[in-house]
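We use all heavy atoms of the structure for the numbers below, so side chains are in, but hydrogens, waters and symmetry mates are not. A quick note: this is a predicted structure, and the numbers were derived from the prediction, not measured.
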Amino acid sequence: MRPLETLLLLASLLTWLTQFVRALRAASWTRAAAPIAVLIAAAQVLVEGPRWQMVPAYALSGLFLLVWLLRGRAPAAARGARSPAGRIVARAGVVLALLGVVGSSALPILVPVFHLPHPTGPYAIGTVTYHWVDSARAEVFTADPNDRRELMVQLWYPARDDPAARRAPYVEHPEALVPLARLFGLPKFIFGHLRYVTTNAIPSAAFADGGPFPVLLFAHGRGGYRQHNTMLAEELVSHGYVVAAVDEPYAASGVVFPDGRLAPFDPRMFDPTHPGHPAFLDSIIPFLAHDFSFALDRLAALNQADPAGVLRGQLDEGRAGMFGVSLGGAVTAEACDMEPRLRACLIMDVFMPADVLRSGLRQPTMWISRDAASMRLEHWKQGDIDETQNGMRTVFARLPGDGYLVLVPGAFHPNFSDFPLLSPSLTRRLGLIGPIDPHRAFTIINTFSVAFFDRSLKGRTVPLLDRPGERFPDVLFESRRPVR
């Protein structure tokens, strides 16, 4: 929790003690506890910002203030003499007030304003966001033939460190996640607190020395958002990569454009009656993959002449790769199939598109997923399990170059994103993440991702990919490398 949130909850507990413990109530120093708690609540709202998880604490501080005012105005004789029924009611009030204190603490603890872990690499991180319009391509998700495909693209890049600089928010526009909340039947404000989560990235920071740096494109999952693998993006950047995450309108939960327009999630992308993925989703994957060819074009142009002066000369276009999770993994495979500029392909926990099953992939490719038993534990249908497992193994077996299968037993689908950070204890209790320790899953995914791109794009010697069992004996690992 944030400092003033913690202080408010401690003030509520102290106020409960001073209101209902006679020995403390008599002490002069405790008489102002209730109004002080209200002042702390006001300061918390003004300084840190309100969030729905703190509403019970706000209400409780107001209730305690009301009790304090009424108690102070009641005659002394009335406060001292109570009937048996009155004493029972008073004791019940004490218990209910204590339950209120405990309950008001539960929500902000279970759904915290979390902190992204500090990346392990030597580089600090900068970030900048672009709005791009592909004037050559019609928007197929809308009925207006004049609509052009628009993208929001966030870049993270190696930067000069400035410990005093402010950090970028995790999600600048939480309203973009309202369609995702509605999809799961949750209230629209459920993700509002993410605006208070800060990342390790400095907005518009100067590039670090040592460039140009390899470029990695990132594709989010179905109904996701461009930041949902920020922890992995920051880890890669800290090791010397530029990561460009593309928000794909109508496949994302929601995309907010600079003029305030919101492109919501298209319900055709999700069919709860379909055991896996609907035909519309399959048909749209090539269109989504073209977003990344367009992104490569724009990045190349900015590398030559960036009006903002941020990217010019900093991108190594000859060393470009792509990674994605869930639907983004399928889009990654499709983009790697159609785009020769992508030299390395990292696919996480998803089926293989039909085009890729037919033609295969040419680039060095890594799959990070889990075993079939872990999918069954997550209650995946057998058809979806077979499609995912057989598809990645089929393409893996036909690779002409380097290939790696990294299976993480005990991981569930959300373990391959930042999702466990949203509520570490609650997601596990509800069975939304797998039995593997979420921080260990993060470590495995981040470490293998960096190792793969280091070998494939930087040509480095990476012992992990030759002897993974020395560090991760629980990971199921297979590799294929042509004789050189």
Side-chain angles (χ1 to χ4, degrees), residues 117-125 156-159 161 207-218 229 231-244 314-325 329 332-333 336 339-348 360-369 392-393 395-408 416 439-484:
H118 194 76
T120 65
Y123 289 102
I125 300 165
W156 295 271
Y157 54 87
D161 197 11
F207 255 87
D209 296 331
F213 299 95
V215 178
L216 302 176
L217 305 181
F218 171 68
N229 275 64
M231 187 165 60
L232 175 54
E234 290 192 341
E235 180 68 12
L236 288 161
V237 171
S238 78
H239 287 273
Y241 294 90
V242 174
V243 173
Q314 298 293 344
L315 309 181
D316 188 341
E317 302 168 45
R319 293 188 293 172
M322 185 167 169
F323 66 106
V325 62
T332 295
C336 287
E339 182 54 74
R341 287 176 291 179
L342 294 172
R343 305 296 179 86
C345 187
L346 172 58
I347 302 163
M348 289 190 280
L361 293 172
R362 303 173 302 279
Q363 303 91 334
T365 304
M366 174 178 279
W367 286 262
I368 304 181
S369 188
M392 67 181 177
R393 288 189 174 278
V395 181
F396 171 74
R398 293 164 52 195
L399 285 173
D402 293 0
Y404 308 91
L405 284 179
V406 182
L407 305 183
V408 188
F416 296 91
H439 295 289
R440 179 163 179 76
F442 287 142
T443 298
I444 292 170
I445 293 165
N446 290 357
T447 304
F448 275 99
S449 298
V450 172
F452 169 68
F453 287 121
D454 276 357
R455 173 175 279 181
S456 302
L457 296 180
K458 295 183 178 180
R460 290 182 176 172
T461 300
V462 184
L464 174 69
L465 298 182
D466 297 320
R467 300 182 300 276
E470 293 178 1
R471 183 170 179 187
F472 299 111
D474 51 332
V475 169
L476 305 176
F477 180 86
E478 298 177 41
S479 66
R480 51 180 291 117
R481 304 195 72 193
V483 177
R484 289 178 169 86

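Note that CZ of F207 is 5.0 Å distant from CD of Q314, once rounded to the nearest 0.5 Å. Atom CZ of F453 is separated from atom CG of L216 by 4.5 Å, given to the nearest 0.5 angstrom. The line from CZ of F452 to CG of L457 is 7.0 Å long, rounded to the nearest 0.5 Å. Here the CG atom belonging to D454 is positioned 5.0 Å from the CZ atom belonging to R460, to the nearest 0.5 angstrom. Rounding to the nearest 0.5 Å places CG of L315 at 11.0 Å from OH of Y157.
Scored by the ring pair (Phe, Tyr, Trp, His ring centres under 6.0 Å) test, F396 finds no partners at all (sequence neighbours excluded). Remark: Y241 pairs with no residue by the ring pair (Phe, Tyr, Trp, His ring centres under 6.0 Å) rule, at least two apart or across chains. Remark: E317 pairs with no residue by the salt bridge (Lys or Arg N to Asp or Glu O under 4.0 Å) rule, at least two apart or across chains. Under the side chain to side chain contact (heavy atoms under 4.5 Å, CB included) criterion, N446 pairs with M231, L232, E235, not counting sequence neighbours. Taking the side chain to side chain contact (heavy atoms under 4.5 Å, CB included) definition, one finds that A333 meets it with I347, M352, P353, V356, sequence neighbours left out. Taking the side chain to side chain contact (heavy atoms under 4.5 Å, CB included) definition, one finds that R398 meets it with T394, sequence neighbours left out. By the ring pair (Phe, Tyr, Trp, His ring centres under 6.0 Å) test, F213 is found to be paired with Y123, residues two or more places apart in sequence or in another chain being considered. Residues satisfying the side chain to side chain donor-acceptor pair (under 3.5 Å) test with S456, not counting sequence neighbours, are none. R341 pairs by the salt bridge (Lys or Arg N to Asp or Glu O under 4.0 Å) definition with D297, E339, not counting sequence neighbours. With sequence neighbours left out, F218 forms a ring pair (Phe, Tyr, Trp, His ring centres under 6.0 Å) with H228, F323. In this view, A441 and N415, I436 satisfy the side chain to side chain contact (heavy atoms under 4.5 Å, CB included) rule, not counting sequence neighbours.
Comment: D316 does not engage K458 in a salt bridge, judged by the lack of any side-chain N to carboxylate O separation of less than 4.0 angstrom.
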Would C345 and L361 count as a side-chain contact (heavy atoms from CB on, under 4.5 Å) if you check the C-alpha gap in whole Å, the side-chain angles of each, and the deciding distance to 0.1 Å?
CA-CA 9 Å; C345 187; L361 293 172; 4.3 Å; yes
Go through it in stages, so that I can follow the logic: the residues are L346 and I368, the test is side-chain contact (heavy atoms from CB on, under 4.5 Å), and I'd like the CA-CA distance, side-chain angles, deciding distance and then a yes or no.
CA-CA 8 Å; L346 172 58; I368 304 181; 3.8 Å; yes
Worked verdict on V450 versus L236 for side-chain contact (heavy atoms from CB on, under 4.5 Å)
CA-CA 6 Å; V450 172; L236 288 161; 3.8 Å; yes
Donor-acceptor contacts, no H, no angles, side chain residues 470-477, under 3.5 Å, sequence neighbours left out:
{"residue": "E470", "atom": "OE2", "partner": "R467", "partner atom": "NE", "Å": "3.2"}
{"residue": "D474", "atom": "OD1", "partner": "R440", "partner atom": "NH2", "Å": "2.8"}
{"residue": "D474", "atom": "OD2", "partner": "R440", "partner atom": "NE", "Å": "3.2"}

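The side-chain hydrogen bond (donor to acceptor under 3.5 Å, both in side chains) with R455 is formed by just one residue from the set T461, D402, D466; it is D466.
In terms of heavy atoms, G360 sits closest to V395 at CA-CG1, 4.4 Å. Closest of all the heavy-atom pairs between L465 and A451 is CD1-O, 3.7 Å.
A heavy-atom distance below 4.5 Å is found between the side chains of L399 and R480.
Between the E234 side chain and the I125 main chain, no donor and acceptor come within less than 3.5 Å of each other. Looking at N229, its side chain does come within 3.5 Å of a backbone N or O of F416 through a donor-acceptor pair.
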